[in-house]
Asker: 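Shown below is the structure under consideration.
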Amino acid sequence: MTDALTRFSAMISRTGARVSIAKSLYPLAGALAMGCTTAMRMGQAVGPTSATITAQDLRTRLYIFADDSMMGRQYGTEGNLKGARYIANELARLGIRPGGTGGGYFQEVPAYRISVAPSTQVFLDGAPLTLGTDYVTNFPGSARAIPVDSVQVVYGGDLSDTTTLISADQAAGKAVLFSVRTPLQRNPGPILARYARARTVITTGDPRTVRPWAVSMSTDTMPARVNLVVSPALAARLIGGDPASIQSGTLARWLRFSSVVFTRVPAPARNVIGVVPGTDPVLRGEYVAIGAHNDHLGFRFAGPLDHDSLRAYNIMANRIVEARTHVTPGTPGGGLTVAERASIHVNVDSLHRLRPARRDSIYNGADDDGSGSISALEIAEAFARSGVRPRRSLIFVWHTGEEAGLLGSRYFADNPTVPRDSIVAQLNMDMIGRGGAFDILGGGPTYLQLVGSRRLSTELGDIVEAVNRSEPTPLSFDYSFDANGHPERIYCRSDHYNYARYGIPITFFTTGLHMDYHQLTDEPQYVDYEHMRNVAQLVHDVALQVGNLDHRVVVDKPKPDPRGACVQ
C-alpha cells in the first residue's frame, strides 16, 4: 500500500506542482503580467517567441497567463484585467492591428458588481441569521429584490432525485427548500424553473464557499426574486430534521425578511480584439474570427485546499465512475455513492502521511481557457510574422465573462467591432491542452472533440476534415459530444454559440473535460504542450483555408433564433 501510494503521489504532482495560499493578493512579477518574456517563471525558461507555433512558445506563454499573479482572471476583477492586458501588450509587441473600440485593443463590456447591503437581514423565530455562514443570497442582475416579509417553508424534495419533488402548485407562495443528497450531474436550472410561483427557493450547500458578490452584465432594473443557499444545519432547523427523514411537501417554519437590499457598482470587463488584415483588396473586408475566453474563476473564498489531496480524490473518482459507466464524468468527483466516497477518503488520507499538504486557493485555469487564449495568441503571431496570410482578414477575439454565462461573446456578437455580416466563420478554442488517455476515457495523443462544425454549414465541417487529413499529425475527431440532445450540451456552453445564433458557421475545438476542470488543480504543469500545438496548428490551417476560399462558407442549415434559447 505504501509503495503504491508513493508512486501515486509522485504521479499526481509529476512536474512539480506549485501551489499557494491566495498569494495572488499581493503583487507578483508585475512585469510578467504586462507582457515581459525575459524572466524565469515556475522553473520554465522564458525567452523570445518564434514566428511558428511551437510547444515551447505555448509553454512559455501559458506559464505567464496561468500564473498566480493573474489572480484567477475572474470576470469583472483586476485579475481578469491583468490577463487582458497581457494579451493586448503581446498583440502590440507583435504589431497586430487593434480591433477594439476607439482605436485600441479593448472592447469594454458593461458589467456591474452586485453585493448584499449590510442592512439586509433574514430572521428565524425572531433571531437574525448570519449572512455568509447560515445563508447567502443570489444576486439579481437588477440589484433589486421583490419584497418578501414572512413566508412559510415547505420541503420540496431532493434535487438529485426528481421523483421526490413537489408540484409547482404546492410551491406557490412558499419558500421551497430543496436538499441535495448526492452531487448534481446536471444544471438544476431547468428543474427550478418549474417553481416560478414560489416566493423564494432555498437550496442546501456551504454558504462559505459562495462568493459574497457577483458580476452581471444585465441592465435590467426590474425587481427579481431573492433565493437562498443555506447550510445543512440551518436546513435541518427549517424543516425540523434531516431531509432524508422528511416527507416532500411537509410544511415547516417561517422565515422573515427585513430590508433585503443590494448594491450595484460598475465592474471592469474587457474583450481583447486584434486584426490581421487580408491580402486581397476585395476580400479583406470579410473576416474569419478566431476566439477563446480570457477569464476563469478567481480564487476560492472558503480558503485553500491541499493540491495533492484534491487531485488524488478527483482522479480516483473519475476512474471509479469511468469503470462503472464507461464515460468520463463532466463534473469531477460527481456520480459517486457514499461507499465509493468513503473508499477514496481512506486512500487520500494516507497521502498525508507521505508528504505535507501543499495548499492552494487560486483557480489558475491553465487549460480552461488559458490553453485556448494562448493558442489564439500563437496563431495570431504566426500569421503576423510568418508572411503567410489569407486573402480575407482575421479577427481575433479574447472574450471575457465566458464563465459567467458567455457574457463577453454575447456582447461582441450583439455589438461587433466589424460588420456582423462580414464574419464568414468563427473558430473557437476552449480547453485544448489535455485529452490524453489519463484525462478522458478514449483519449490519446491525437484526441480532439469537434462540436458544431456542420450545424450551420456542411462545407465548413468538410473543410476541417480535409485540412486535418493534410496535417503532418492528423488528429482523431470525436463527434460524440456534438450529438443532438447530448446531456453535456457542449454546443451551448462556450462562446461559439453567440456567433452561431446569428447564423455564422462555427467550429468548436476542445480536448474535453477532465479531473481538473474548474478545480484548483487546473495548472500548466498538467498540459500536454505538443498536443496543444497540434490543435493550434489545425485551427491556424483551417483559418487559412477558409480565408482563401473564392466564396463565403456556404450556410446550408437553418439558422437559430438569435434571441431564443440554445438547443443542442
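Quantities reported herein were computed from a predicted structural model and do not represent experimental measurements. Counting begins at 1 with the first residue of the sequence.
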Asker: I'd like to know if R61 and E90 make a salt bridge, using a cut-off of under 4.0 Å between side-chain N and carboxylate O.
Answerer: yes
Asker: Nearest 0.5 angstrom please: D556 CG to T458 OG1, how far?
Answerer: 3.5 Å
Asker: Go through the side-chain N and O atoms of S494 and N428 and say whether any donor and acceptor fall under 3.5 Å apart.
Answerer: yes
Asker: Considering only residues two or more places apart or on different chains, which pairs with a residue in residues 546-568 satisfy ring-ring contact (aromatic ring centres under 6.0 Å, His included)?
Answerer: none
Asker: Among residues two or more places apart or on two chains, list those pairs meeting salt bridge (Lys or Arg N to Asp or Glu O under 4.0 Å) that have a residue in residues 427-449.
Answerer: R434-D439, R434-D516
Asker: If you look at every heavy atom in F65 and G370, which pair is closest and at what distance?
Answerer: CD2-CA, 3.8 Å
Asker: For the CG atom of L283 and the CZ atom of R552, what is their distance to the nearest 0.5 Å?
Answerer: 10.5 Å
Asker: Flag the pair T328 / H514 as yes when at least one side-chain heavy-atom distance between them is below 4.5 Å, and no otherwise.
Answerer: no
Asker: Grab the two heavy atoms, one from S373 and one from H293, that are nearest each other, plus how far apart they are.
Answerer: OG-O, 2.8 Å
Asker: Between E459 and R454, does any NZ, NE, NH1 or NH2 come within less than 4.0 Å of an OD or OE carboxylate oxygen?
Answerer: no
Asker: Going by disulfide (SG to SG under 2.5 Å), name the pairs with one or both residues in residues 512-564, residues two or more places apart or in two chains.
Answerer: none
Asker: Look at R85 together with E78 and state whether they make a salt bridge at an N to O cut-off of under 4.0 Å.
Answerer: yes
Asker: Consider only side-chain N and O atoms of S422 and R392, and report whether a donor and an acceptor are under 3.5 Å apart.
Answerer: no
Asker: Do you know which two heavy atoms are closest between D369 and G372, and how far apart they sit?
Answerer: OD1-N, 2.9 Å
Asker: Going from OH on Y86 to CG on L377, what distance comes out if it is rounded to the nearest 0.5 angstrom?
Answerer: 6.0 Å
Asker: Does the structure place the NZ or CZ of R389 under 6.0 Å from the centre of the six-membered ring of F383, at an angle of no more than 45° from the ring's axis?
Answerer: no
Asker: Is a salt bridge present between R311 and D522, judged by a nitrogen-to-oxygen distance below 4.0 Å?
Answerer: no
Asker: Does some side-chain heavy atom of F139 sit less than 4.5 Å from a side-chain heavy atom of S216?
Answerer: no
Asker: With no hydrogens and no angle check, just 3.5 Å: does a side-chain donor-acceptor pair link Q545 and D541?
Answerer: no
Asker: Using side-chain hydrogen bond (donor to acceptor under 3.5 Å, both in side chains) as the criterion, list what pairs up with N484, not counting sequence neighbours.
Answerer: R455
Asker: Does the ring of Y502 carry R420 above it, NZ/CZ under 6.0 angstrom from centre and within 45° of its axis?
Answerer: yes
Asker: With sequence neighbours excluded, tell me which residues meet side-chain hydrogen bond (donor to acceptor under 3.5 Å, both in side chains) with R97.
Answerer: none
Asker: Enumerate the residue pairs fulfilling side-chain hydrogen bond (donor to acceptor under 3.5 Å, both in side chains) with a member in residues 272-284, sequence neighbours excluded, ordered by first and then second residue.
Answerer: D280-R391
Asker: Can you name the closest pair of heavy atoms from A289 and I423 and give their distance?
Answerer: CB-CG2, 3.9 Å
